[in-house]
Each structure stands twice: as structure tokens, then as C-alpha cells.
Amino acid sequence: MLWWPGPPRRRRAGATVGLAVAAVVGLAGLTLLLLSTVRPPAAGVAALGTVSVAEVPEPAPVAATALRIPDLGVDVQLGEIDVDAAGVLVPPADPAVAGWFAGSPAPGDPGPSVIVGHVDSRAGPGVFFGLADIDLGAPVEVRRSDGRVATFRVVDVYDVPKDEFPTGRVYGPVPGPELRLITCGGEFDADARRYLRNVVVTAVPVSP
Amino acid sequence: MTGARRVYAVLLTLAALVLSAPPAGAAPGGAAYLRLAHLSPDTPAADVYVASVGDPAQSFVLPGVGYGAVSPYRPVPPGAYVVSMRAAGAAESSPPVVSTTVDAAAGNAYTVAGTGLSAELGLSVLDDRLDMPAAGRASVRVINAAVSAPVVDCGRAGQEPWARDVAFGTSTGYADVPLGTWDLEVTAAGRTVATLPVTLDTNSVYSVLLVDRGGAVAAELHRDSSGTAEVPRGGVETGLGGTAGVGPPHLAGFVAALSVLGVLVAVAVRADSRARR
């Protein structure tokens, strides 16, 4: 899911120039996307954001840009992740970085907003190491591209075999804004070099 | 009971506890959701009290809820809640007009609605669906709170209705209906009483609420719940094993439990051999 600036609603004198600029920046964004499944937010987003504000009246879709989990010492920028051709969610390439699923709502908007991170790399702990042991009630803050910060508290931690992944429970309808933090856990299959379970943390907004 | 038997009993109990402890994924945890609705056309605005039986700190009040109002959902800890309606402004100590109890389970959502005419006002607890609709469909139900149309059918304009004979004060179950933008038509005795253009999104659940507005029926679409716009297939590969040697901490807990069992076995065997002597 790209942050294309939407088509201008009205044709104006500067529209042609604007379109050209948008095309160049769009191409740059596409290149970035091809280079990595997780786009570094600093470069791509800032450039696209400036153009959309200056030339296109359509508001850019809101994305998650940074994640803070004080209890785990997590304070990271968020990239965007998406599904591959087979429909499987592709985690961030860098185990030190977490990624927000661009097919899920922005954190704080109704529905389950999904953030994925590695429990470890080949070398050591990843960004979501220790997630399986996070305390209920632990605060989680997510910064959004519109400047808002959505604050959640952990209400559930569970792990499931990957081959029985509870799709409905993770991605299905919920009545309000919720957050899903997903990583790996359980037994590590050394031959396949993969963990056999997923750890899922559910968080809801701090009480109104 | 000899000492050895007692140790065996403790041992068996402990073993049973360890073995029967459900995997973390078995019982759904998390929040329950509650919302309130005033669906009684001739009942004046009310203060709705929601009292948590287990934790008074979780209680709250929605003041001045008028006919047709549907509150936002509120995430609450699972448990029992007493919902009471009092006339707006009435003292909290005064007896409620109606009240009911909701057993709110984790991972479930409920609409508690004041329904019927004022003379027979009741509080209904509706179970709100949170299941994913079938691909290409949205889940929709109809809640008839319009006494001016006591029995209605509901469906897509020009097609067979998917909700039939929906009586005033009742709600239908959920129907999976096509996504996209189309006209919803409400008919009573074959006559169209309301039309509403609706846009239904994927992975979403809706309620169509019928209310009396100035002597006519108005249909309103409420989006109750929504999921991700795109639904990934299966789990996520988020580990390369760099910390698998030290083991994730919950594995360490399991190992610790096993060692405790080991020690107890040793104690039991010793006690047993001593008892035989």
C-alpha cells in the first residue's frame, strides 16, 4: 500500500507542475519500496508528505510511524509491511525494526492495528524479544503520521501454533481501536530455522 | 494417610496442574465491550448506570441518553455488570426504572438496549457479532425500534429481502450481504417505508437501526465492528533462532516446573522407601 498523493480535485494553474513533481517523488517512493519491504519512514514518508500537503488537497492516509513499549525498552521507528503474492504477511527485513501492516487500520482508528517484529535474529535478541512476558496493563504508545499518539494498555498475551494461526481473532472485526503486536515464540525448529508458534499481544486504548 | 501417600497425593495434584494448564492460546482473554442504546420511542431521556459487580472502579454513567442514541463501545474487563436506567437527572439512590445484568465475556461485545414502549420498557442484551464475514460479504442485522412500522422487511432495493417480519422491539440475527454501495429498502406490508443508501466495507459488521423520526421511519446504518482491510494468510515468520539456545523465558518456566517435579519425585521415593522399612 503506497502513499500516493491522490488526484487533485481541481485543476489549477500549478497542477501540471504538481503532477510532474508528484510523479518524480512517486517513482522515488516506488524505488524505495522495491529496494526493501520496509521503507525507512524518514526518507520516503517525509518527501511524499511534503508534496501531498503542497500540491494535493487530499489528506494522506494515516500510518503508524513509531512504537514505544517502556516495559520492554522498545523505542523504535516503524516501517510499513504488507502481504506477499501468496497473501502471507512479510515481516520487516531488519530484526531490530518493527513494521506496521499497511492493510490494517492506523493505531487508534477502529479495528485491529497490526505491528510485527522479530523475537530474534541469528545473532541475538530482536525488537520484540521478551514480548511473550509483557505484563497485562503494560502501556504501549504508537505515534501516527498525523502527529497523534495512540496509547494502549496490554489486555491479553497468548501464543499459538503457526499452523493454527487464529486469523479471525487477530484480523477479524472488533468494536473499537485495538492493537496487535505479533512475534515468534515457542520451540525453535533448528532444521527449518523457524519458530513453531506466534506470540500475539492484544492491547486496547487506555480507559477514556 | 501415610506420609508417603500424602506426598504422592501432592505430587499427583501438582502433576495434574502442570499437565492440565491450558496453553496460553486456549482461552480467549482481553477486553469485553459494552455499549448502551435507548430504543424506546416514548420513553424520555435517561441516565444509564453501568455498575461492575467485581470492580466498582470500572463502573460508569452515561447521562441524558435520549431515544435513538447508541453509545460508542467501551472496552471493559470481563465480568458481570448491572445496567440500570433512571429518568435523566434522577438521584442515583432512587430505584431504577429498569435494570438487568450482563455477563460480559472476554472477546465479546454486547449492546444493552432499552426497548419496547415506555409502559413495558425492558432492557435487552444483544450479542454483537465479532466473527469475520464471508469473503466479499459484510455482516448486517436489523434492529427495529420504530413503533410506526411494527413489522418490516429489509433488503436491497428491488431484490428479495434478507430480513423478514422484523417486529418492533426486536433484532434479527446477522445476514451476510454483498459489499459495496447500494440502496437498502425497508418495507411494511409491501409498501416502502424507508430507503437508505449504504456503503458496506469488507471484514465489517453493521447494524441497521430503524427509528421513529417525526412520525416516519428512518433507517440508520451503524458500523459496529471492523477488521483489517486485507486479511493475511497464516502466521508470521518473525524469528531466526539467535536466542533459541537460551530459550524464551516461558520455556525456562516449564523447565523450572519440571525440576520441581523431579525434586518431589525424589522426596516421594525416599519417603516411600522409609515407609516400607
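In what follows, chains carry the letters A, B, and so on, assigned in the order in which the sequence lines appear, proteins first and then strands, with residues in each chain numbered from 1. Side chains are part of it too, since the values below use all heavy atoms of this structure and drop only hydrogens, waters and symmetry mates.
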Smallest separation among heavy atoms of A/Asp82 and B/Glu230, with atom names = OD1-OE1, 3.6 Å
Does a sphere of radius 6.0 Å around CZ in B/Arg223 hold more than 12 heavy atoms from other residues, nucleotides or ligands, not counting ones at 6.0 Å or beyond?
-> yes
Selection from A/Thr202, A/Val174, A/Thr183, A/Val119 maximising heavy-atom pairs under 4.5 Å formed with chain B = A/Val174
Only one of B/Leu130, B/Asn108, B/Thr111 clears side chain to side chain contact (heavy atoms under 4.5 Å, CB included) with A/Pro175; which?
-> B/Leu130
Could you walk me through whether B/Glu237 and A/His118 pass the side-chain contact (heavy atoms from CB on, under 4.5 Å) test, one step at a time?
-> CA-CA 8 Å; B/Glu237 293 304 335; A/His118 279 73; over 6 Å; no
Are A/Val116 and B/Thr238 close enough that some pair of their side-chain heavy atoms sits under 4.5 Å apart?
-> yes
How would you list, by chain and number, every residue that makes a side chain to side chain donor-acceptor pair (under 3.5 Å) with B/Ser84, sequence neighbours excluded?
-> none
Closest non-hydrogen atom pair between A/Pro110 and B/Ser226, with its separation = O-OG, 3.9 Å
Out of A/Ala86, A/Pro95, A/Ser113, which one racks up the most heavy-atom pairs below 4.5 Å with chain B?
-> A/Ala86
Could you pull out the closest heavy-atom pair between B/Leu240 and A/Arg122, with the gap in Å?
-> CB-N, 3.6 Å
Given a strict heavy-atom distance threshold of 4.5 Å, which part of A/Ala203 is in contact with chain B: side chain, backbone, both, or neither?
-> neither
Shortest non-hydrogen contact between B/Val236 and A/Leu89, atoms and distance = CG1-O, 3.9 Å
Under a 4.5 Å cut-off applied to non-hydrogen side-chain atoms, are B/Arg233 and A/Val83 in contact?
-> no
Any donor-acceptor N/O pair, B/Asn203 side chain to A/Gly172 backbone, under 3.5 Å = no
Which portion of A/Glu164 sits near chain B, non-hydrogen atoms under 4.5 angstrom | neither
Within-4.5 Å side-chain heavy-atom neighbours: B/Pro232 and A/Val88 = no
Please look at A/Phe101 and chain B and tell me whether the side chain, the backbone, both or neither of the residue comes under 4.5 angstrom of a heavy atom of that chain.
-> side chain
Portion of A/Phe165 that has a non-hydrogen atom of chain B nearer than 4.5 angstrom = side chain
Test item: B/Pro133 and A/Pro173 side chains (from C-beta on) under 4.5 Å apart, heavy atoms = yes
Under 4.5 Å from a heavy atom of chain B, the part of A/Pro125 involved = both
So which of A/Ala190, A/Ala123, A/Gly124 has the biggest tally of heavy-atom pairs under 4.5 Å with chain B?
-> A/Gly124
Partner chain A: residue of B/Ala109, B/Gly239, B/Ser139 with the largest heavy-atom pair count (under 4.5 Å) = B/Gly239
For A/Val154, is it the side chain, the backbone, both, or neither that has a heavy atom closer than 4.5 Å to a heavy atom of chain B?
-> neither
With sequence neighbours left out, write down each residue that passes ring-ring contact (aromatic ring centres under 6.0 Å, His included) with A/Phe188, or none if nothing qualifies.
-> A/Tyr195
Please report the shortest heavy-atom distance between B/Gly242 and A/Asp120, naming the atom on each side.
-> N-OD2, 3.2 Å
Would A/Phe129 and B/Thr243 count as a side-chain contact (heavy atoms from CB on, under 4.5 Å) if you check the C-alpha gap in whole Å, the side-chain angles of each, and the deciding distance to 0.1 Å?
-> CA-CA 9 Å; A/Phe129 184 74; B/Thr243 61; 3.5 Å; yes
What closest approach, in Å, do B/Ala31 and A/Val204 show between heavy atoms, and which atom pair accounts for it?
-> CB-CG1, 4.1 Å
